[in-house]
Each structure stands twice: as C-alpha cells, then as structure tokens.
Enquirer: 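One structure follows; several queries about it will come next.
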Amino acid sequence: MDASKFQLAVSSNTALFMLLAGIVVVAVLLAAFAWGRRIRARELPPPKPTEQPHLPKDGAVHEIREYREPEEMPHDGSRLLPHELKGSSTHRSDSQKPPADDDADGFGDGSSFGSGGLGS
C-alpha cells in the first residue's frame, strides 16, 4: 500500500479555519452568557420569606362539594344562538343528594370504553 496517495494531514488553511470557527463559537457563548446575566440583573429579586403569602387566620380554604345540573335547552324546536347562551352551562342543583344508582352492583353506568370488563 502506497501511503503517498492519501492526504494524511489537514492543510494549513483548513486548520486556520477550524481555529477561527472555534474562537467564534467561544465568543458567541461568552456574549450570550453576559447578555443573560444583564437580563437577569434587571429582573425583580425573589420574594423574601416575610413577603410570602400566609394562610388566613381561620385556616386553609376548604373544597366545596356540590352537585351541579345542566342548563335546560329549549324544547320548543327553536335554537339558541351563541350570544344567547349563558356564561356557565351548569347551575347548582336544588337537591344536594347524590344521584340515585340504578345499577344493582353499585357501579352505575359510568364505565368507559376499553375498561377491561366483559361487557353486558
């Protein structure tokens, strides 16, 4: 095998280009770091422990559970336009008793598709 046919070393132009490219990459990274530090210095500092929110004197706010009912749609054949709809599609139910379960096993009709059951 004659090794003189292959160029084994990088030419001086390529080596100079690679060195300059490396210097440019390092300069860009340093500039980005300095720019990020300046932006971070302009931000507000994190709040001190005394400035943190505290629980109310009467304790933590508790979850409110209530049963909701959907708003009734007109049954006279007319339709509602978007501007006639109310802001919420549900309202608080008059009866706060849980809905009755018609299923004898106590699971109701709340199964989902692909739940792994044998089906009915």
Side-chain angles (χ1 to χ4, degrees):
M1 183 163 141
D2 189 12
S4 63
K5 293 181 183 177
F6 301 105
Q7 182 180 359
L8 298 177
V10 178
S11 68
S12 63
N13 289 340
T14 306
L16 182 63
F17 174 74
M18 295 301 276
L19 179 67
L20 289 176
I23 290 172
V24 168
V25 167
V26 169
V28 167
L29 288 174
L30 288 174
F33 180 75
W35 185 44
R37 294 281 294 202
R38 271 194 297 162
I39 290 175
R40 179 93 188 241
R42 281 187 272 160
E43 292 178 354
L44 293 174
K48 297 180 173 105
T50 57
E51 298 171 345
Q52 296 289 337
H54 300 288
L55 284 175
K57 291 182 182 183
D58 56 348
V61 178
H62 296 286
E63 176 181 316
I64 297 175
R65 283 196 156 196
E66 62 182 20
Y67 291 100
R68 314 266 315 157
E69 291 180 347
E71 294 289 340
E72 289 294 322
M73 299 300 282
H75 297 288
D76 58 357
S78 64
R79 65 179 189 162
L80 290 177
L81 297 175
H83 68 275
E84 296 171 329
L85 293 174
K86 297 180 181 176
S88 176
S89 62
T90 63
H91 64 273
R92 190 173 191 272
S93 176
D94 294 334
S95 169
Q96 289 298 305
K97 294 180 185 175
D101 232 353
D102 294 337
D103 202 1
D105 61 2
F107 292 113
D109 290 338
S111 62
S112 65
F113 177 77
S115 62
L118 296 174
S120 47

Enquirer: Could you give the distance from CD (Gln96) to CZ (Arg68), rounded to the nearest 0.5 Å?
Expert: 9.0 Å
Enquirer: Going by side-chain heavy atoms closer than 4.5 Å, which hydrophobic residues are tied to Val24, directly or by a chain of links?
Expert: Val28
Enquirer: I'd like to know if the side chain of Glu66 reaches the main chain of Ser93, judged simply by a donor and an acceptor atom lying under 3.5 Å from each other, with no hydrogens or angles considered.
Expert: no
Enquirer: In the hydrophobic clustering (ILVMFWY, side-chain contacts below 4.5 Å, transitive), which residues join Ile23, or is it alone?
Expert: Leu19
Enquirer: Can you list everything that forms a side-chain hydrogen bond (donor to acceptor under 3.5 Å, both in side chains) with Gln52? Sequence neighbours excluded, please.
Expert: none
Enquirer: To the nearest 0.5 angstrom, please state how far the CZ atom of Arg37 sits from the CD1 atom of Ile39.
Expert: 12.5 Å
